[in-house]
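Each ligand, and each atom within it, is numbered from 1 in the order the structure gives. One-based numbering along the sequence shown.
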Amino acid sequence: MPEILDGNRVRDEIKAELKPRISTLTAKGRPPGLAVVLVGSNPASEIYVRNKVKTCEDLGIHSETLRPPESVTTGELLATIDALNARDDLDGILVQLPLPPQVDSKRVLLAVAPAKDVDGFHPCNVGNLVAALPGPRPCTPAGIMELLKRYRIPVAGKRAVVVGRSDIVGKPAALLLLHEHATVTICHSKTADLAGVCREGEILVAALGRPAMITADFIRPGAVVIDVGTTRVTDRALAARVFRNAADKLASFDKRGFALMGDVDPVDVIEKASAYTPVPGGVGPLTIAMLMANTVAAAERRAGLC
Ligand code: NDP
């Protein structure tokens, strides 16, 4: 049986390590502060933000959520960000994506002061990532690297294949693997012979958003498989096929009306991988943990502690 890379366990370790750092900051003046800007009422965004706020509360990080209406303009959001940039009691600003279509998302993300950009999306911080300079790293890819490190999975010299080239997952994940001396291939929707390229990967990172598309013929025997994908699947026939009609999975589907599915076939991966992240409970929990880590690091930098 392959090793299960348990994201909940690593998340708890990261949170435990953050607590004394938060206590030190609090004792020196104030706790770290995070502002979350949540526009409108997208149900998925609501859940993500609720989880982020709850994790802040658990850790003693001050958080506040700003809720501009769905009709907000780019100008209004820019003014909101300016005000948050100027606040001394806030170390991090997070703009929950997606923003409504009338808003120029790029301009809004660009307006966040790089020092408060705890998502690592600002071009200054993207530059820091490319140049391997210090700075916040995008949370999901940073979580993947923590998982590999804490499970002592060697990266240097390995062939790593990343499927997906988004700015928030695929590209930064590839860069972080490269900085750890993997030989990295990035795949996308135009990649020829995707399965063949994936089979070269001793480390395979799937970040496509295509439920269970990565099947046995994409996985090199013994590969370490990191499944970033999280899709709410409402198609019962697809769930039945992917979960091989497993009674417990289908009962859960029938109760909830959906199944959370990764990009990797959950049965095939057990047969072929040497280690893998389950969905849920793999990469997902680490994203929020790394957001907290970025917020604490931003607070420490502002307090002159590092
Ligand atoms: P995007 O939609 O921004 O990017 C998807 C990438 O996958 C694109 O580069 C796209 O290629 C590529 N792709 C799509 N279909 C195929 C295909 N058939 N073959 C090869 N490549 C393909 O998604 P994100 O990067 O934001 O997210 C990816 C997944 O990860 C989603 O399921 C998302 O929900 C999940 N996610 C999970 C997080 C967590 O905390 N667990 C956090 C963030 C994301 P192209 O560029 O050519 O279009």
Side-chain angles (χ1 to χ4, degrees), residues 5-8 10-11 14 36 42-52 54-55 94-99 105-106 109 118-121 126 129 136-148 161-177 184-201 204-215 217-219 225-235 238 242 258-266 276-294:
L5 306 175
D6 182 350
N8 289 320
V10 172
R11 173 203 56 202
I14 293 169
V36 181
N42 175 320
S45 296
E46 296 263 359
I47 295 171
Y48 294 143
V49 168
R50 201 178 317 136
N51 289 337
K52 288 168 186 172
K54 186 178 174 311
T55 311
L94 182 151
V95 181
Q96 185 65 44
L97 299 176
L99 293 172
S105 301
K106 287 214 163 129
L109 293 181
V118 282
D119 264 333
F121 293 164
V126 176
L129 166 62
R137 305 304 191 217
C139 300
T140 303
I144 293 171
M145 299 312 290
E146 282 297 323
L147 198 66
L148 294 172
V161 175
V162 179
V163 190
R165 57 176 164 181
S166 72
D167 291 339
I168 63 169
V169 189
K171 249 185 259 175
L175 282 163
L176 290 173
L177 288 161
V184 184
T185 305
I186 306 176
C187 302
H188 46 78
S189 63
K190 307 284 188 293
T191 297
D193 185 20
L194 182 65
V197 179
C198 287
R199 275 198 307 275
E200 291 171 10
L204 176 61
V205 178
L208 315 71
R210 300 271 178 267
M213 197 186 111
I214 304 298
T215 49
D217 53 328
F218 290 67
I219 303 171
V225 179
I226 308 293
D227 190 354
V228 184
T230 28
T231 307
R232 267 173 172 243
V233 169
T234 52
D235 175 348
L238 173 63
V242 169
F258 70 91
L260 211 56
M261 212 177 274
D263 290 337
V264 180
D265 186 290
Y276 72 101
T277 56
V279 176
V283 174
L286 295 170
T287 300
I288 294 183
M290 297 316 292
L291 172 69
M292 299 298 125
N294 281 349

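- Less than 4.0 angstrom separates some heavy atom of Ile168 from each of these atoms of ligand 1: 26 (O).
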Can you list the steps and then say if Met213 with Leu194 is a side chain to side chain contact (heavy atoms under 4.5 Å, CB included)? CA-CA 11 Å; Met213 197 186 111; Leu194 182 65; 3.6 Å; yes
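- Listed for the Asp263 side chain is a donor-acceptor partner under 3.5 Å among the backbone atoms of Arg210.
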Given Val163 and Leu204, is the side chain to side chain contact (heavy atoms under 4.5 Å, CB included) satisfied, shown in steps? CA-CA 8 Å; Val163 190; Leu204 176 61; 4.1 Å; yes
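- For Gly170, the closest heavy-atom approach to ligand 1 does not fall below 4.0 Å.
- Under the side chain to side chain contact (heavy atoms under 4.5 Å, CB included) criterion, Pro280 pairs with Leu260, sequence neighbours left out.
- Side-chain N or O atoms of Thr287 include none that pairs as donor or acceptor with a backbone N or O of Cys139 at under 3.5 Å.
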Side chain to side chain contact (heavy atoms under 4.5 Å, CB included) between Asp265 and Ile214: does it pass, once the steps are laid out? CA-CA 6 Å; Asp265 186 290; Ile214 304 298; over 6 Å; no
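- Remark: atom 2 (O) of ligand 1 lies closer than 4.0 Å to no protein heavy atom.
- Atoms of ligand 1 found under 4.0 Å from any heavy atom of Leu194 (numbered from 1 in listed order, with element): 19 (N), 20 (C).
- Taking a cut-off of under 4.0 Å to the non-hydrogen atoms of Gly284, the atoms of ligand 1 that pass are 40 (O), 41 (N).
- For Thr191, no heavy-atom contact with ligand 1 is shorter than 4.0 Å.
- The closest heavy-atom contact to atom 33 (C) of ligand 1, among the options Val162, Thr230, Thr140, comes from Thr230.
- For ligand 1, the atoms lying closer than 4.0 Å to a non-hydrogen atom of Gly209 are 28 (C), 29 (C), 31 (C), 32 (O).
- Below 4.0 Å from some heavy atom of Thr287 lie the following atoms of ligand 1, by number and element: 39 (C), 40 (O).
- Considering backbone and side-chain atoms alike, Arg165 places an N or O below 3.5 Å from some N or O of ligand 1.
- Of the candidates Ala207, Gly143, Ala206, Ser189, it is Ser189 that places a heavy atom closest to atom 10 (C) of ligand 1.
- Of the possible donor and acceptor atoms, none in the side chain of Asn294 sits under 3.5 Å from a partner among the backbone N and O of Pro136.
- Residue-ligand proximity, Gly164 to ligand 1, at heavy-atom distances under 4.0 Å covers atoms 6 (C), 7 (O), 9 (O).
- Applying the 4.0 Å criterion to heavy atoms of Val169 picks out, from ligand 1, the atoms 25 (O), 43 (C), 44 (C).
- Every atom of ligand 1 with a heavy atom of Val228 under 4.0 Å away is listed here by number and element: 30 (O), 35 (C), 36 (N), 37 (C), 41 (N).
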